[in-house]
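Heads up: the structure comes next, in structure tokens.
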Amino acid sequence: MTFSTGRGVPSITVVDDISLTVKRGEFVAIVGPSGSGKSTLLYCLSSLQKPTSGRVNIVGTDVESLRRGALARFRRDRIGFVFQQFNLVPSLDARENVALAGRLARRSDARRRADEALEAVGLTDRAHHRPGTLSGGQQQRVAVARALASDADIVFADEPTGSLDGASGTRVLELLRSLAAGRRSVVMVTHDLDAASRADRVLVLRDGRIHTELTSPTSAEVFAATEAATSETTPQPSGAHS
Ligand SMILES: Nc1ncnc2c1ncn2[C@@H]1O[C@H](COP(=O)(O)OP(=O)(O)O)[C@@H](O)[C@H]1O
Ligand SMILES: [Mg+2]
């Protein structure tokens, strides 16, 4: 993924040469130093950003082949998002936010599933609160409930435990873990190395490339690999000081 920010400004490539296949039921975590391209990679994988080159295929559909309307329906039905900024609809209460995709898809059980999902994240008593009246952590859990209530084949999460205290964070990770136990897959960006160690596979990003790939690592192994990716110095042009 290359960004051009303006005429005369050199464009920058922030995600490069990544080939990734996520299996059904797999839980993949992406870690790496700040600015290493984690969010950009997640946006490209999840169809929210069109990569400058390369392809994304989700359950047999080439995402770039879809036109606007079809892409919007594909996202609604097949992809779950849990984002840093939550992206909840401010005018809808928690229950209606969670039920929204199901209702748009005319599923008769949308509200029942929303109630179950809110219960799973411990927010039954906040079902009729709008996002603006919820704390950051509660909004985060509404966003997780929305992914739980959906039929998504794959859920993308960017720092899903970023606004949560220890106990709620653990609960959200357990829920993501259980999502991935079935036929769904989860791809999570996190800087929480304990959280990453819950995943089946951990990708350590550095400068937009996969630096290390770990299978079912301990948090100590994730820590060591992240340290290695962070401390390795980028080659400097001769004469440059670091
Ligand atoms: N829309 C954009 N235009 C220009 N540069 C961008 C854009 N989005 C991200 N970047 C740059 O790409 C790099 C990687 O960003 P990001 O993917 O957010 O990293 P991370 O999530 O790992 O912290 C950063 O240097 C950031 O400034
Ligand atoms: Mg980020």
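Indexing begins at 1, ligand by ligand and atom by atom, following the structure's order. Reckoned from all heavy atoms, side chains included, excluding hydrogens, waters and symmetry mates.
- Taking a 6.0 Å sphere around CZ of Arg177, one finds it holds more than 12 heavy atoms contributed by other residues, nucleotides or ligands.
- Protein heavy atom at the shortest distance from atom 23 (O) of ligand 1 is Gly35 N, 2.7 Å.
- For the residue pair Ser168 / Asp165, a side-chain donor-acceptor distance below 3.5 Å is found, with atom types taken as modelled.
- At the shortest separation from atom 5 (N) of ligand 1 among protein heavy atoms lies Phe3 CD1, 3.5 Å.
- Although no hydrogens or angles enter the test, the distance criterion places no donor-acceptor pair under 3.5 Å between the side chain of Lys38 and the main chain of Met188.
- Residue contacts with ligand 1: Gly37 is placed with a nitrogen or oxygen under 3.5 Å of a nitrogen or oxygen of the ligand (distance criterion only).
- Of all atoms in ligand 1, numbered sequentially from 1 with element shown, those under 4.0 Å from a heavy atom of Thr40 are 9 (C), 15 (O), 16 (P), 17 (O).
- Thr218 and Ser197 share no donor-acceptor pair across their side chains, judged by distance under 3.5 Å alone.
- Under the 4.0 Å distance rule, the nearest protein heavy atom to atom 27 (O) of ligand 1 falls outside the cut-off.
- Taken to the nearest 0.5 Å, the CD atom of Gln140 stands 9.5 Å off from the CG atom of Leu88.
- In this structure, CD1 in Ile18 is found 4.5 Å from CD1 in Ile210, a value given to the nearest 0.5 Å.
- Between Ile58 and Leu45, the closest heavy-atom pair is CD1-O, 3.6 Å.
- When the side chain to side chain contact (heavy atoms under 4.5 Å, CB included) test is applied to Ser46, the partners found at least two apart in sequence or on another chain are Leu48, Phe81, Phe83, Phe156.
- The closest approach between any non-hydrogen atom of Ser34 and ligand 1 is below 4.0 Å.
- Heavy-atom distances between Gly208 and ligand 1 stay at or above 4.0 Å for every pair.
- Numbered from 1 in the order shown, with element, the atoms of ligand 1 that lie under 4.0 Å from a heavy atom of Val14 read 11 (C), 12 (O), 13 (C).
- Taking every non-hydrogen atom of Pro33 and a distance limit under 4.0 Å, the qualifying atoms of ligand 1 come out as 22 (O).
- Here's the thing with Gln49: none of its N/O atoms is less than 3.5 angstrom from an N/O atom of ligand 1.
- Taking 2.8 Å as the criterion, Ser39 counts as a coordinating residue of the Mg ion (ligand 2), since one of its N, O or S atoms falls below it.
- Of all protein heavy atoms, the one closest to atom 18 (O) of ligand 1 is Ser39 CB, 3.7 Å.
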